Amino acid sequence: MSVVQSIKSAAAAAIKALFDQTIPAKDIAINTTKPEFEGEYTILVFPFTKFSRLKPEETADRLGKYLQEHNPDLVAGYNVIKGFLNIQVNEQYWAQYLQQHFNNRNIGKKPANGKKVMVEYSSPNTNKPLHLGHLRNNFLGYAVSEILKANGYEVIKANLVNDRGIHICKSMLAWQLFAHGDTPESTGIKGDHLVGDYYVKFESILKEQTEPIIARALEHDYKDFEGADKERMEKLVTVFHKPEIQADEEKLDKLNDEIRELARKQTEIMQQAKIMLQQWEAGNPEVRALWATMNGWVYKGFNQTYKRLGIDFDKMYYESETYLLGKDLVEEGLAKGILFKKEDNSVWIDLTADGLDEKLLLRGDGTSVYMTQDLGTARLKYADYQMDQSLYVVADEQNYHFKVLQLILQKLQEPCADGIYHLSYGMVELPSGRMKSREGTVVDADDLIDEMIATAAEQTKESGKLDDMTEDAQGLLYNMIGLGGLKFFLLRVDPKKKMVFDPRESISLQGFTSAFVQYAYARIKSILREVAPDIDKLEGYCHKGSLTTLEKALIVLNEQYDNVLEEAAKEMSPSVIANYAYQLAQTFNSFYAEKKDGIPVHSVRQAETPEKQKLRLQIIKLTANTIAKSMKLLGIEVPERM
RNA sequence: GGACCGGUAGCUCAGUUGGAUAGAGCAACUGCCUUCUAAGCAGUAGGUCAAUGGUUCGAAUCCAUUCCGGUUCACCA
């Protein structure tokens, strides 16, 4: 039981005895004590004054006295300031905690709880390499998985690869037209980047072909259009030429987008891409062969990147194998009368009663849409694993989609419905605003990783501390620091919030960074190497006597790891862990550096007494363990030296 | 227009089951390397917690209204 829990239940018992009131221990409000006051934890007594019929100070005083008398092992003293009862935990309590846990490798690890969770994350498209946005997704998915595992869940990490569709055909077509048979091997370009280059090529041709069509249409020449598209374009152009629209910038932008979208559809290259998609769907052997080849290049590239990132999956799903699923569900829904058909044979669900819109599930021609696929995939996943919860790590622009997805599954009474949880995270923006591929501001993941590692290498060399290290060891260290920096930077922010990625700040190794935490760890390891403690002797040691403020502060923080781990799982937020690890490292650094009259207060090597040395060895060993554990949850390694 | 999310120091972020004088990092300024790693430590300065009203012994936190920003409401994925 944690200290906080112990204090709460002791307080609940005290309240029962003193005021004859029954309060559940968990409802007692307790905070960490502000540093300027004596004590470690503070009970808020305001809520008790209702039934104590005493002033807050008086209530706190009685409660404090009772706790001290009846729980001397836990509460050694107290002080009261207004309605705040500051509890001074018995130092023996801390000493015992330290003795029991300082060498415990499984600290914080919860026993299996029998619950199974799938975490779907990464889920890339195969027409482009990974970028900064994917990195936040990947790190989040991985870290949340690790956090859930540490909390006793069985976790299945899943990746649903979007390997088919019009976007892949675009890359394929452009490759066919312009590559002259180039391959990753022949060009030396990483496969995912090569395929991405041809996607970009397609888009530039598309733009070239779109411009004249738009120009003609705006001059009322509609020869590029037919049927419904022609009618629509005529309407759009008429509106476009209205003076009041010309004056309204926002409406004009929107209109321009619509006109462009419609014009793009008419281009020759787009028509070719569509034909290719139809051929793919019909199973045309040549198209399928090219598709398989190019996706193969991409997977090789992705796997390289995943490996560098230290990210893995237990189960791969491919959209080419799942995109036809969901139609069965639609049929069943129709039979049950939950879905309905319109005149054109398209299938819909009416969600207006839930405050949402009508949602299309099958087109008039019987082909499925994104939502239909996701319905089918949700069922497939559940058939595969029967998990209690199914997390989707997907950006918050799809909040509406997942709300609808869950609602539809619930209406269809699918057993997987209630376990669905959209782990929605905010977009990563640059100081200049959103990343836009059209403006070429997308930050490539591989480039970014290279840059981070290069910066780590440069700064390490500058310090000159590790010149005696082998080159291999140095390389590993640069990776640890560079990648750690990237991961920490993206994970330290609450996932729900959008965040700004400032490249300059991200490569920094000072302040609230992984390097800071790693450095604290390396410092501890350095001491442990030098003092070389006899663990057996330490195991048997339980410190008697007083603790300094920072000795105590470190033990108190370490003891909170359990709660922090639970909190991180409850909130599905690795940032809780990142903040904690930083705070722990910061406290250690203060502990390490504090001097009085020019002499270190907490020297381990030259401790005042052998007892103090043992105590401090226990403290720093515990701290190193906790730091390593915390960082591991974030997918970050810690170095022996740096 | 409807729905959802956000607005905390110059910048990036912590802080919400309502609690003490709102905290870090970066940037700026001042100190600290004969003694376990200065990628560090100690300190100074920087705030009408978007605004107004309400609930409360107590509000950055809860409620209402307003302002500002974002996302979404596709027979795209």
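Just so you know, these numbers use all the heavy atoms, side chains as well, and skip hydrogens, waters and symmetry mates. Below, chains carry the letters A, B, ... as their sequence lines are ordered, and counting in each starts from 1. All values derive from a computational prediction rather than experimental measurement.
For the pair A:D163 and A:S320, the tightest heavy-atom approach, listed with the atom from each and the gap, is OD2-OG, 2.6 Å. Taking every heavy atom of both residues into account, A:F202 and A:M270 meet most closely at CZ-SD, 4.0 Å. Nearest approach of A:I627 to A:A520, heavy atoms of both residues: CD1-CB, 4.4 Å.
Within 4.0 Å (heavy atoms only), A:K497 reaches sugar-phosphate atoms of the nucleic acid but no base atom. Among the heavy atoms of the strands lying under 4.0 Å from A:N86 is at least one base atom, whether or not backbone atoms are also near. Using a 4.0 Å heavy-atom cutoff across all strands shown, A:Q398 reaches at least one base atom of the nucleic acid. At the heavy-atom level, A:Q586 lies under 4.0 Å from the strands shown only through sugar-phosphate atoms. Across all strands shown, A:V604 has heavy atoms under 4.0 Å from base atoms, whether or not it also approaches the sugar-phosphate. Using a 4.0 Å heavy-atom cutoff across all strands shown, A:D344 reaches at least one base atom of the nucleic acid. A:G426 comes within 4.0 angstrom of nothing in the nucleic acid, heavy atoms only. Within the nucleic acid shown, A:S590 comes within 4.0 Å of sugar-phosphate atoms alone, with no base atom in reach, counting heavy atoms only. Here A:I599 lies out of heavy-atom contact (under 4.0 Å) with every strand. Using a 4.0 Å heavy-atom distance criterion, A:M499 is classed as a sugar-phosphate-only contact. Within 4.0 Å (heavy atoms only), A:H602 reaches at least one base atom of the nucleic acid.
Annotation: the span from A:K359 atom NZ to A:T352 atom OG1 amounts to 14.0 Å, rounded to 0.5 Å. For the atom pair CG of A:L617 and CG of A:L615, the computed distance is 9.0 Å after rounding to the nearest 0.5 Å.
For B:C32, the glycosidic angle deviates from 0 by more than 90°, giving an anti base.
Only the P atoms considered, B:U65 is 12 Å distant from B:C4, to the nearest whole Å. Separation of the C1' atoms belonging to B:A22 and B:C68 is 23 Å when rounded to the nearest angstrom. Nucleotides B:A38 and B:C33 place their P atoms 12 Å apart, quoted to the nearest Å.
A heavy atom closer than 4.0 Å to some atom of RNA chain B occurs in A:E505, A:L509, these being the qualifying members of residues 502-509 of chain A. Scanning residues 512-521 of chain A for heavy-atom distances under 4.0 Å to RNA chain B yields A:F512, A:F516, A:Y519.
The phosphate of B:C36 (OP1 or OP2) has no side-chain N or O of A:S603 nearer than 4.0 angstrom. Residue A:K465 places none of its side-chain N or O atoms closer than 4.0 Å to OP1 or OP2 of B:A38. The side chain of A:R363 places an N or O atom within less than 4.0 Å of a non-bridging phosphate oxygen (OP1 or OP2) of B:C76. An OP1 or OP2 oxygen of B:G19 is reached within less than 4.0 angstrom by no side-chain nitrogen or oxygen of A:T42. The side chain of A:R523 places an N or O atom within less than 4.0 Å of a non-bridging phosphate oxygen (OP1 or OP2) of B:A38. Regarding contacts with the backbone of B:U71, a side-chain N or O of A:R434 is found under 4.0 angstrom from either OP1 or OP2.
Nucleotide B:U72 forms a Watson-Crick or G-U wobble pair with B:G2, both donor-acceptor distances falling under 3.5 Å.
The ring-ring contact (aromatic ring centres under 6.0 Å, His included) test with A:H602 is passed by exactly one of A:F591, A:F588, A:Y592: A:F591.
For the pair A:I636 and A:Q518, the minimum side-chain heavy-atom distance is below 4.5 Å.
The aromatic ring of A:F84 does not sit over the base of B:G19, since the test of centres under 5.5 Å and planes under 30° is not met.
Annotation: A:F402 is not in aromatic contact with A:Y421 [ring centroid separation under 6.0 Å not met]. Two rings, from A:Y392 and A:Y121, have their centers 6.0 Å or more apart. A distance below 6.0 Å separates the ring centres of A:F512 and A:F488.
Nucleotides of RNA chain B nearest to A:N125 and A:N31 differ in position, and the one nearer the 5' end is that of A:N31. Between A:G364 and A:D396, the residue anchored closer to the 5' end of RNA chain B is A:D396, taking for each the nucleotide with the nearest heavy atom.
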Does the pair A:V604 and A:E530 meet the rule for a side-chain contact (heavy atoms from CB on, under 4.5 Å), with working shown? CA-CA 10 Å; A:V604 177; A:E530 188 168 335; over 6 Å; no

